[in-house]
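Numbered from 1 within each chain, the chains take letters A, B, ... in sequence-line order. Nothing here was measured: the structure is a model prediction, and the numbers come from that model.
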Amino acid sequence: MGKYDPAAVEAKWRTVWEERGTDRLDLDKAEKPFYNLMMFPYPSAEGLHVGNVFAFVGSDIQGRFHRLKGFDVFEPMGFDAFGMHSENFALKNGRHPAEMVPKNIENFRENQLKKVGLMLDWSRQVDTTSPEYYKWTQWMFVTLYKNGFAYKKKAPVNWCPGCKTVLAAEQVIDGECERCTSTVVKKDMEQWYFKTTAFAQELLDELDRIDWSERTKTAQRNWIGRSQGAEVTFSVDGGPDFQIFTTRPDTLFGATYMVFSPEHPLLDQITTPEQRPALSEYRAAAAALSEVDRQAEGRDKTGVFTGADAVNPVNNERIPIWAADYVLMGYGTGAIMAVPAHDQRDFDFAVKFNLPIRQVVAPDGKMFDALPEAYVGEGLLVNSGDFNGLPAKEQGIEAVTTRLKEQGRAEFKINYRLRDWCVSRQRYWGPPIPIIYCDKCGAVAVPEKDLPVTLPYLEDYKPDGSGFSPLRRDESFFHTTCPECGGPATRETDVSDNFLCSAWYFYRYPSTEFGDRPFDAARTKKWLPVDLYVGGNEHAVLHLLYSRWLCRALNQCGHLDFVEPYKRFVAHGMIVREGAKMSKSRGNVINPDEYIREFGADAFRMYLMFMGAYLEGGDFRDGGVRAMKSFLDRLWTAVLPEEGGLAATEPEDAETRFWLHSTIKAVTADLARFSYNTAIARLMELINHVTKNRVRNRVVSEAVVKMVAPLAPHVAEEMWEQLGHSETVFAGGWPEWDEEATFRATVEYVVQINGKVRAKLDLPAGLSQEVIEPQVLDNPAVAKWLEGQTIVKKVYVQDKLMNLVVKPN
RNA sequence: GCGAGAGUGGCGGAACUGGUAGACGCACCGGCCUUAGGAGCCGGCGGUUAUGCCGUAGGGGUUCGACUCCCCUCUCUCGCACCA
């Protein structure tokens with residue numbers, strides 16, 4: 001038996017699991033498939049972060065728990081090793097990613113992940129940088145392109161001067177590059193896009209039906225940003241028509257001026273000669289501003305008059321057209337009608353430039369004497385011609401839009417904030433976009449037989465800011481022949497966004513042995529969609545949105561028969577250390593290896609899960625892992641007593657039976673709802689009981705071992721073996737509880753007088769009020785409070801409490 | 001501003017559909033054991049002017065009874081944000 005020695009136990013079981021293939025699964029033979037997915041990491045040179053461990057362990061517990069409950073659990077792992085994170089790190093350290101990444105992967109897998117005790121099936125590892133994998137990433141691109149989901153266009157893009165590449169909107173956080181935090185600037189460039197907006201509505205609708213963490217769904221809803229309104233056609237006085245988008249067509253009569261975004265193309269045409277110099281100056285100033293500065297909160301409104309007037313279609317009124325940078329070219333039509341009385345932004349602008357403010361919504365039919373700010377509430381339409389007296393908002397919107405629609409001046413319209421996904425990157429370390437440009441045939445997709453387009457080894461892979469990838473400098477890569485006509489042609493030299501690699505990796509795991517298809521139809525049918533996906537919420541509008549979109553697109557292209565990739569997504573919390581965020585600059589990053597070496601992976605896993613609610617996150621305190629190690633010491637001696645042996649039958653004493661069965665019941669429920677901290681607390685209570693009462697019982701020991709197994713797999717496996725089993729504990733089934741035993745024979749009744757606790761009585765369980773009541777009333781502690789009082793009400797809750805409501809006589 | 005979540009001892013955190021607030025653990029205090037202890041074991045631990053009273057951010061309300069439900073206010077975290 002001996003002492004619990006985590007280092008020895010863990011080394012032993014790592015070897016045994018590997019030798020026996022305990023965690024390898026025959027995917028075709030599995031009868032109750034359960035696909036347990038965790039977000040594959042980017043293998044950084046710094047090694048595994050404690051946040052990764054926290055995420056993986058929480059997911060692994062579900063995998064192991066499900067396995068104990070009889071599921072065939074598939075729990076794979078891979079590496080997301082393409083992309084700027086790897087490349088930037090290599091650049092900074094003067095190394096080559098192609099030489100660095102394999103070493104990092106090796107280190108992650110062999111020295112770190114394998115020591116955490118995750119139930120991973122390493123026979124199906126995926127590495128996004130291997131040609132066998134990125135061949136299919138390129139295939140995704142080609143498939144999307146052929147089906148009209150990928151296109152190239154010139155448009156203002158987000159350019160990161162630090163990383164020297166364009167970024168997708170999702171990768172710009174508060175105006176900064178997600179990777180290097182440089183301030184992102186706008187540039188006009190020709191780039192590849194995926195039509196994410198094609199499914200904006202579907203992606204939104206399905207959120208109501210999928211079983212995902214609410215905050216993840218909320219983040220996606222915000223990001224997709226649906227708004228309903230109308231597109232209204234105005235005309236320039238003596239000039240062309242133009243469209244504006246508004247959510248409040250009911251306030252059309254309140255429009256006192258119009259605003260075009262400074263980037264609006266029509267401005268060139270309509271601005272009067274006198275106003276042209278002012279406009280040019282204003283446009284130049286607007287262009288020089290960064291996105292963040294331009295959209296800064298509370299920034300003073302700026303703008304310039306164009307000299308032109310617009311004609312309002314509802315009343316033929318002529319109102320001035322201004323250019324102002326508070327209107328964005330990228331949303332709606334890049335032009336708005338300004339209703340200063342009922343929109344705060346327009347109000348601020350009108351005040352500053354002394355433009356008229358006309359009230360058209362009157363709360364309770366009352367006109368304002370003065371408006372200190374825009375009124376955005378309910379009311380009746382006024383100053384609105386035929387529409388006067390109609391309730392504003394819904395009814396007004398309907399009526400005004402319908403009228404204009406009949407005149408061909410408006411359409412009901414829904415706008416989304418979501419933009420198409422800009423996927424090309426002017427970088428080296430990624431899958432080359434498989435497109436060939438031919439003078440005769442145009443842009444041609446590389447035929448499947450020619451995939452992958454291999455990423456050539458470039459000694460100098462530094463991005464040069466030219467707007468082209470470094471691959472452009474490789475003449476032998478750049479020049480090629482057209483797959484259609486055989487004539488001279490050039491390759492697309494941009495690589496695809498790393499998020500394309502990760503948008504489909506989970507389809508690959510079950511099909512890694514198939515070299516001739518990205519995923520096998522039968523395997524996919526059996527194993528997908530993913531049953532449970534656990535990960536960080538920071539990917540809510542990145543990976544999680546992209547992969548939902550890709551799933552839909554692949555479905556539409558006929559490659560998948562479902563539209564949502566994950567049945568259930570659970571967002572775990574974030575961990576901090578001693579109340580502070582962990583960061584390299586603060587120097588407070590937790591190194592998992594040290595704790596694992598000193599206290600063992602099992603104690604480390606358990607402490608990470610004990611810190612707080614898994615879904616909320618937790619606060620890592622030094623000393624916690626040590627405390628958990630000593631709990632495991634106590635558990636070890638409680639389960640494997642040195643002396644006295646173990647009684648082989650169900651414990652006879654009712655109190656022990658109560659603790660055992662109610663713990664099994666509670667732990668089962670806690671694990672199912674990710675309440676790992678309380679599950680551990682309950683196991684501690686059981687062990688406290690067992691230790692204090694010197695319980696030596698095999699039934700108790702085996703149940704404890706099984707309950708601990710998902711949390712601390714190595715030590716559980718060792719104890720299971722020492723209890724005389726030769727097969728893995730994970731084949732042993734999940735313990736059952738006896739509902740009867742979870743009730744006690746005597747219960748503590750709380751006696752309240754007017755809701756305040758005045759006495760506690762131990763009484764047999766299950767008695768009726770008639771039996772209990774006299775005992776309560778006769779109790780001296782209670783009787784004292786009843787002197788000189790009249791009982792006006794008695795509230796009785798069986799086996800719980802009796803509340804006497806009294807009044808003075 | 002909009003949306004989501006949260007606010008409980010010295011600390012991390014419990015409390016299932018309203019029913020004993022503070023489970024479990026950390027830290028701390030006392031004791032035992034020991035040549036020694038950053039080990040182990042036993043006990044204590046919300047506050048207080050203690051037969052009681054007050055305590056779950058603050059203020060109201062509903063209820064026999066509120067951390068839990070409703071209204072208002074404050075604070076914090078996250079997401080979105082001059083998005084028309």
Point to revise | Presence of salt bridge, A:Arg682 and A:Glu685, under 4.0 angstrom | key: no
Exercise for review: Take atom C1' in B:G3 and the same atom in B:U8, then report the distance between them in whole Å.
Suggested key: 26 Å
Review point. Does B:A81 sit syn or anti, given that only angles within 90° of 0 count as syn?
Key: anti
Review point. Closest to the A:Phe245 side chain: B:A81, B:C78, B:A84?
Key: B:A84
Review point. A:Arg758 near the nucleic acid: base, sugar-phosphate alone, or nothing, with a heavy-atom cut-off under 4.0 Å?
Key: sugar-phosphate
Review point. In terms of side-chain heavy atoms of A:Lys793, which of B:A84, B:G3, B:C64 is nearest?
Key: B:C64
Check your understanding: Hey, is the main chain of A:Ala55 close enough, under 3.5 Å, to the side chain of A:Tyr614 for a donor-acceptor pair?
Key -> yes
Practice item. Have a look at B:G9 and give me syn or anti from its glycosidic angle (syn if within 90° of zero). Key: syn
Practice item. For B:A81, take OP1 and OP2 only and decide whether either is under 4.0 Å from a side-chain N or O of A:Arg417. Key: yes
Practice item. For RNA chain B, just give me the dot-bracket, please: Watson-Crick or G-U, both distances below 3.5 Å, ( ) intra-strand, [ ] crossing earlier pairs, | paired with another strand, . unpaired. Key: (((((((..(((......[....))).(((((.......))))).(((...)))..(((((..]....))))))))))))....
Exercise for review: Go through B:C53, B:G52, B:G79 for me and flag the one nearest to the A:Lys756 side chain.
Suggested key: B:C53
Practice item. Mind running side chain to side chain donor-acceptor pair (under 3.5 Å) on A:Thr302 and A:Tyr282 for me, showing each step along the way? Key: CA-CA 9 Å; A:Thr302 60; A:Tyr282 183 68; 2.7 Å; yes
Check your understanding: Would the A:Phe349 and A:Tyr257 ring centres measure less than 6.0 Å apart?
Key -> yes
Check your understanding: Looking across every strand, which nucleic acid part, if any, lies under 4.0 Å from A:Lys794 by heavy atom: base, sugar-phosphate, or nothing?
Key -> nothing
Point to revise | Shortest non-hydrogen separation from A:Met606 to A:Leu632 and the atoms involved | key: SD-CD2, 3.8 Å
**Study point:** Aromatic centroids of A:Phe54 and A:Phe620 separated by under 6.0 Å
**Key:** no
Exercise for review: Indicate, with a heavy-atom threshold strictly under 4.0 Å, whether A:Val327 touches base, sugar-phosphate, or nothing.
Suggested key: base
Review point. Mapping A:Ala627 and A:Ala335 onto RNA chain B by nearest heavy atom, which one lands closer to the 5' end?
Key: A:Ala627
Revision key, fill the gap. Going 5' to 3' through nucleotides 11-24 of chain B and flagging B where a protein heavy-atom sits under 4.0 Å of the base, S where only the sugar-phosphate is that close, and - otherwise, we get SBSS----BB--BB
Check your understanding: Which part of the nucleic acid, if any, lies within reach of A:Arg626 when heavy atoms closer than 4.0 Å are counted: base, sugar-phosphate only, or nothing?
Key -> base
Exercise for review: Give the rounded distance in Å between these two atoms: CD1 of A:Ile414 and P of B:A84.
Suggested key: 13 Å
Review point. Taking 4.0 angstrom as the limit, do A:Asp633 and A:Lys3 come out as a salt bridge?
Key: no
Point to revise | From B:C78, B:C80, B:A84, nucleotide with atom closest to A:Lys581 side chain | key: B:C78
Check your understanding: Just checking, is any N or O donor in the side chain of A:Asp670 or A:Thr678 under 3.5 Å from an acceptor N or O on the other one?
Key -> yes
Check your understanding: How about A:Phe242 and A:Phe260: are their ring centres within less than 6.0 Å of each other?
Key -> yes
Practice item. May I ask you to say what A:Arg634 touches in the nucleic acid, namely base, sugar-phosphate or nothing, with a heavy-atom cut-off under 4.0 Å? Key: sugar-phosphate
Exercise for review: Decide, yes or no, whether a salt bridge links A:Lys217 with A:Asp208 under the criterion of side-chain N to carboxylate O below 4.0 Å.
Suggested key: no
